[in-house]
Visitor: 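First the structure, then my questions, so here it is.
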Amino acid sequence: MINDNYYDKFDRKEKLKFDSKVVHGGLGCDPITGAVSFPIFQTATFRHRKFGVSTGYDYSRLQNPTRQELERTMAILEEGEEAFAFTSGQAANMCLFGILKPGDHVILSDDIYGGTFRICDEIFSKLGCEFTYVEMSDLDKVKAAVRPSTKMFFVETPTNPMMKVADIRAIAAIAKEAGALLTVDNTFLTPYFQRPLTLGADIVVHSGTKYLCGHNDVIAGIAVVKDKALAEHFRGEMKSRGNGLGPFDSWLILRGIKTLSLRMERHNENAAKVARWLRDHEKVKKIYYVGFEDHPGYSVNLSQATGFGGMISFEVDSEETAHKLLSDVEMILFAESLGGTETLITYPITQTHESIPDDIRRKLGINEKFVRISIGIEDPDDIIADLAQAME
Ligand SMILES: Cc1ncc(COP(=O)(O)O)c(C=O)c1O
């Protein structure tokens with residue numbers, strides 16, 4: 001039986017520093033056996049001892065102890081009321097937009113992950129919801145986009161893939177004034193560098209597939225909410241849509257989170273080195289990296305985050321150079337996704353941002369010469385040497 005003292009211990013864990021919280025999670029050890037690695041409760045259903053007596057668990061679509069441990073951990077790390085772990089970042093966003101009713105209006109970053117755009121454009125717009133995409137770093141444009149029907153703001157900062165930075169505190173104030181919710185996709189920086197709920201956001205979403213998992217071996221999504229009413233929304237959505245993360249995948253994400261601080265530091269450090277090298281390369285014509293002092297979002301990012309992350313986008317001199325780079329990398333892997341230990345290079349125009357209409361993509365700068373790189377935790381000299389030989 002679960003001993004109440006473990007819940008007291010859980011409260012005390014909230015007082016730990018971030019680097020300790022990632023290691024010790026929610027309950028951390030198994031309350032029943034003391035197993036240091038939280039168990040994988042690989043079960044679909046739970047036995048009731050007798051009529052009217054329940055362990056608190058009924059059926060794993062509703063609640064599963066391993067998933068709950070991940071959810072508790074994410075609520076602690078993002079400093080939220082409750083968290084929910086889904087089968088993908090897309091599944092988390094489907095439940096998020098499930099808050100909307102026909103006629104509701106949402107303001108989103110103009111440069112956004114293609115899958116999020118697809119959810120809005122292909123699913124929720126058909127249900128009568130309306131979406132406006134704005135340059136979130138321009139607060140006048142954000143204010144001008146507000147309508148009486150605006151119910152939510154959805155911000156990525158930095159954005160995928162153009163690395164634009166939005167001022168979370170300022171947008172939270174605009175959202176509050178409009179009586180709307182602010183959701184921040186915190187996939188790129190993770191709570192290690194940025195905690196949007198402490199800056200005024202109402203909901204944080206993640207592709208847990210990325211840095212939280214960290215090893216390119218699980219597809220997962222996370223939503224963290226700041227209050228109980230929002231928690232009830234996500235609980236109901238998960239129960240009905242049946243998209244809660246399975247126990248083994250939950251355990252893998254929990255295991256990944258234990259090294260989140262170490263990995264994020266190394267991604268950050270490596271990306272700074274690689275970005276400096278890329279900036280001086282004759283075939284690199286434009287570079288998008290939040291850690292450069294001349295990046296337009298540099299100071300806003302520093303006012304709300306403690307690092308820049310591991311993502312860099314850049315434009316090379318020709319389509320041929322881009323294709324050669326993607327084909328000739330050896331250690332670096334030409335693959336979609338980001339945030340894992342391995343450095344991955346991606347071609348947004350045909351991969352991650354394929355769903356975005358071509359005119360919007362080109363206006364943003366996503367063209368045939370544009371590549372995105374997720375800097376891994378390898379030796380940075382090897383990453384640079386590989387890029388150098390592939391761009392020769
Ligand atoms: C910023 C961002 N949000 C959400 C998603 C969707 O997450 P998933 O692929 O886990 O469904 C992605 C995926 O690349 C992403 O990059």
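Throughout, residue positions are numbered sequentially from 1 according to the sequence presented. First listed ligand is number 1; within each ligand, the first listed atom is number 1.
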Visitor: Please tell me whether Phe314 and Ile375 are part of a single hydrophobic cluster in this structure, the criterion being side-chain heavy atoms less than 4.5 Å apart.
Guide: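 Phe314 clusters together with Ile375.
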
Visitor: Can you pull out the closest protein heavy atom to atom 1 (C) of ligand 1? Residue, atom name and distance to 0.1 Å, please.
Guide: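 Among all protein heavy atoms, the one nearest atom 1 (C) of ligand 1 is Asp185 OD2, 3.4 Å.
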
Visitor: The criterion is ring pair (Phe, Tyr, Trp, His ring centres under 6.0 Å); which residues satisfy it with His206, sequence neighbours excluded?
Guide: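 By the ring pair (Phe, Tyr, Trp, His ring centres under 6.0 Å) rule, His206 matches no residue at all.
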
Visitor: Checking side-chain contact (heavy atoms from CB on, under 4.5 Å) between Met152 and each of Leu182, Asp104, Thr183, which is the one that passes?
Guide: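 Answer to the side-chain contact (heavy atoms from CB on, under 4.5 Å) test with Met152 among Leu182, Asp104, Thr183: Thr183.
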
Visitor: Give, for atom OG of Ser318 and atom NE2 of His323, the distance between the pair rounded to the nearest 0.5 Å.
Guide: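 Reported value, rounded in 0.5 Å steps: 9.0 Å.
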
Visitor: Any idea which protein heavy atom is nearest atom 15 (C) of ligand 1, and the distance to it?
Guide: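 Result for atom 15 (C) of ligand 1: Tyr113 CG, 3.6 Å.
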
Visitor: Are Leu326 and Leu344 connected in the hydrophobic side-chain network, where two residues link if heavy atoms are under 4.5 Å apart?
Guide: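 No; Leu344 is not reachable from Leu326 via cluster members.
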
Visitor: Which one of Ile112, Thr346, Thr209, Thr352 has a non-hydrogen atom at the shortest distance from atom 10 (O) of ligand 1?
Guide: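 The nearest heavy atom belongs to Thr209.
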
Visitor: Backbone, side chain, both or neither: what part of Ala220 comes under 4.0 angstrom of ligand 1, heavy atoms only?
Guide: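 Contact part for Ala220 vs ligand 1: backbone (N, CA, C, O).
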
Visitor: Check whether any N or O atom of Gly89, backbone or side chain, sits under 3.5 Å from an N or O atom of ligand 1, and answer yes or no.
Guide: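 Yes.
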
Visitor: Is Asn93 in polar range of ligand 1, meaning some N or O pair under 3.5 Å apart?
Guide: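 There is no such contact.
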
Visitor: Nearest protein heavy-atom contact for atom 16 (O) of ligand 1: which residue, which atom, what distance?
Guide: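 I find the closest protein heavy atom is Asn160 ND2, 3.0 Å.
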
Visitor: Phe292 ring centre to Arg279 NZ or CZ under 6.0 Å, with the angle to the axis within 45°?
Guide: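 Yes, cation above the ring, under 6.0 Å and within 45°.
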
Visitor: Heavy-atom contact under 4.0 Å between Lys210 and ligand 1?
Guide: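 The answer is yes: ligand 1 sits under 4.0 Å from a heavy atom of Lys210.
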
